[in-house]
Amino acid sequence: MRGLPNSIQARDVEYVLHPVTNARKHEEIGPIVIDRGEGIYVYDDQGNRYLEALAGLWSVAVGFGEKRLVEAAARQMAKLPYYHTFSHKTNEPSVLLAERLVKMTPDRLKRAFFTNSGSEANDSAIKMVWYYNNARGLHQKKKFISRTNAYHGITLASGSLTGLPANQRDFDLPFVPVRHVTCPHHYRFAEPGESEEAFADRLAAELEAVILEEGPETVAAFIGEPLMGAGGVLPPPATYWDKIQAVCRKYDVLIVADEVINGFGRLGTMFACDYYGIDPDIMVLSKQITSSYQPLAAVMISQELYDGIADNSRKIGTFGHGFTASGHPVPAAVALENLDIIEENNLVENARRVGEVMQVELRKLAGHPLVGEVRGVGLIAAVELVADKATKAKFDPIGKVGAHVFSRAHENGLIIRAIGDVIAFCPPLIINEEQVHDMVKRFKLTLDETAQELLNRDVASM
Ligand SMILES: Cc1ncc(COP(=O)(O)O)c(C=O)c1O
């Protein structure tokens with residue numbers, strides 16, 4: 001393990017259980033201590049600089065070290081460091097943020113409900129849908145439909161919607177009634193010769209068949225990330241969302257758009273719903289809402305949902321759902337300042353323009369011997385590594401090469417994300433063209449070094 005006795009590394013290994021980490025491997029290799037950040041870079045406690053090509057966890061839109069956000073938090077802390085929004089209390093920042101989000105998001109969405117995290121927001125969405133359907137007298141209509149490879153969080157309910165085995169195995173999930181339909185990844189799941197449109201037709205038909213099999217009177221909602229993130233950065237095939245929405249509307253199945261990664265400019269439009277023409281009943285927002293400087297998420301709901309919930313709360317006496325920090329004034333103030341920065345600096349347009357450069361540059365790696373597919377939109381992309389380009393065969397075992405690329409990239413001053421053998425890119429929205437070229441150069445070097453090593457080592461020993 002790196003680090004002297006009593007160092008932060010050693011004390012981390014001694015005292016911390018890390019999320020989404022192999023705990024025994026962590027004891028062997030120890031942590032990298034990230035000490036500070038500036039723009040698109042973070043620095044470890046040894047002074048090494050890394051280009052943060054995943055913006056932390058897909059989230060630091062305005063980059064690290066943004067003083068305006070620090071000052072916004074300090075101003076709000078000094079004035080009102082905390083208050084809740086239960087039982088008819090409110091505070092100015094949370095109201096201004098709710099108003100701003102309602103005006104920014106698709107027209108159908110009229111109210112905001114605040115939580116601390118994306119997982120809690122998705123749990124809240126599930127509970128709201130159930131509460132609403134009970135209020136409508138549709139007591140059986142409770143099931144959710146999600147997709148394989150979806151990521152919607154890790155709490156009992158949101159973790160049930162997630163469709164990734166590593167997040168469910170040995171946690172006894174799924175815990176709420178959910179069916180997972182095929183994820184819309186053309187490269188992996190289309191039939192040979194099947195066009196994107198035909199693939200989308202088949203997926204819409206699959207969704208309809210699942211609704212009919214379960215009984216439409218039992219299916220409450222379909223949840224999807226417009227462009228799937230943590231499952232491998234999967235842009236849907238052409239016409240997919242039009243066809244999925246038509247099936248949902250036919251059977252009174254609500255549409256929940258999980259924009260936790262996509263929202264606030266990632267695809268080069270303010271929301272991915274704008275990009276794909278999705279008109280959701282519920283939209284879930286987090287991450288770039290505060291650039292993750294403060295924990296915050298929002299569930300945006302339609303007038304119909306709001307009215308159903310409001311009427312039921314009168315009947316019962318309360319809408320008995322909420323968190324100590326729902327509408328916390330400090331994250332709300334930071335979100336407002338963060339949205340100002342995104343707008344004033346045209347970061348959504350930057351994501352579109354510089355994103356195009358990133359897509360072009362990464363696609364130049366398509367001919368690399370380790371690369372099966374390069375995909376993405378705006379400032380989010382993935383490079384899928386394969387053992388055999390012609391057959392698309394995966395490495396065996398899966399994930400060893402990806403993990404190797406992940407560690408090796410650090411030595412080349414680059415932080416990326418390895419999802420199995422898929423390498424994800426999602427840099428801060430402030431990245432410029434020159435920095436994109438530098439990022440891709442560092443990644444190509446890492447790939448070349450890995451290809452060279454694979455000539456002399458088998459995958460299992462990586
Ligand atoms: C699409 C999506 N939904 C929900 C979540 C869960 O958010 P959190 O980690 O804040 O609970 C994530 C986290 O990465 C996500 O990517």
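Note: hydrogens, waters and symmetry copies are ignored here, and every other heavy atom, side chains too, is used. Remember, it's 1-based here, ligands and their atoms both numbered in the order they're listed.
- By the 4.0 Å N-to-carboxylate-O rule, Arg202 lies too far from Glu206 to be salt-bridged with it.
- Here the protein heavy atom with the shortest distance to atom 2 (C) of ligand 1 is Tyr151 O, 3.3 Å.
- Between Arg249 and Asp281, at least one side-chain nitrogen of the basic residue sits less than 4.0 Å from a carboxylate oxygen of the acidic one, meeting the salt-bridge criterion.
- The Ser117 neighbourhood of ligand 1 comprises atoms 10 (O), 11 (O), with distances under 4.0 Å to a heavy atom of that residue.
- Checked against the 6.0 Å centroid criterion, the rings of His410 and Tyr50 qualify as a close aromatic pair.
- Looking at Ser119 next to ligand 1, an N or O pair under 3.5 Å apart turns up.
- Note: Tyr131 and His321 fail the aromatic proximity criterion, with ring centroids not under 6.0 Å apart.
- No donor-acceptor distance shorter than 3.5 angstrom exists from the side chain of Arg375 to the backbone of Leu234, with no hydrogens or angles considered.
- For the pair Ile261 and ligand 1, a heavy-atom separation below 4.0 Å is found.
- Listed by number with element, the atoms of ligand 1 under 4.0 angstrom from any heavy atom of Asp258 are 1 (C), 2 (C), 3 (N), 4 (C).
- Atom numbering of ligand 1 starts at 1 in the shown order; those under 4.0 Å from a heavy atom of Asn122 are 3 (N), 4 (C).
- Not one N or O of Trp58 is nearer than 3.5 Å to an N or O of ligand 1, by distance alone.
- Between the side chain of Glu259 and the backbone N or O of Ala272 there is at least one donor-acceptor pair closer than 3.5 Å.
- Using a 4.0 Å cut-off between charged side-chain N and carboxylate O, Lys110 and Asp307 make no salt bridge.
- Distance from atom 10 (O) of ligand 1 to its nearest protein heavy atom, with residue and atom name: Gly118 N, 2.9 Å.
- Using a cutoff of 4.0 Å between basic side-chain nitrogens and carboxylate oxygens, Glu28 and Arg24 are not scored as salt-bridged.
- Using 4.0 Å as the threshold, Lys287 has a heavy atom nearer than that to some atom of ligand 1.
- On a distance-only criterion, Glu225 and ligand 1 share no N/O pair closer than 3.5 Å.
- Here's the thing with Gly153: none of its N/O atoms is less than 3.5 angstrom from an N/O atom of ligand 1.
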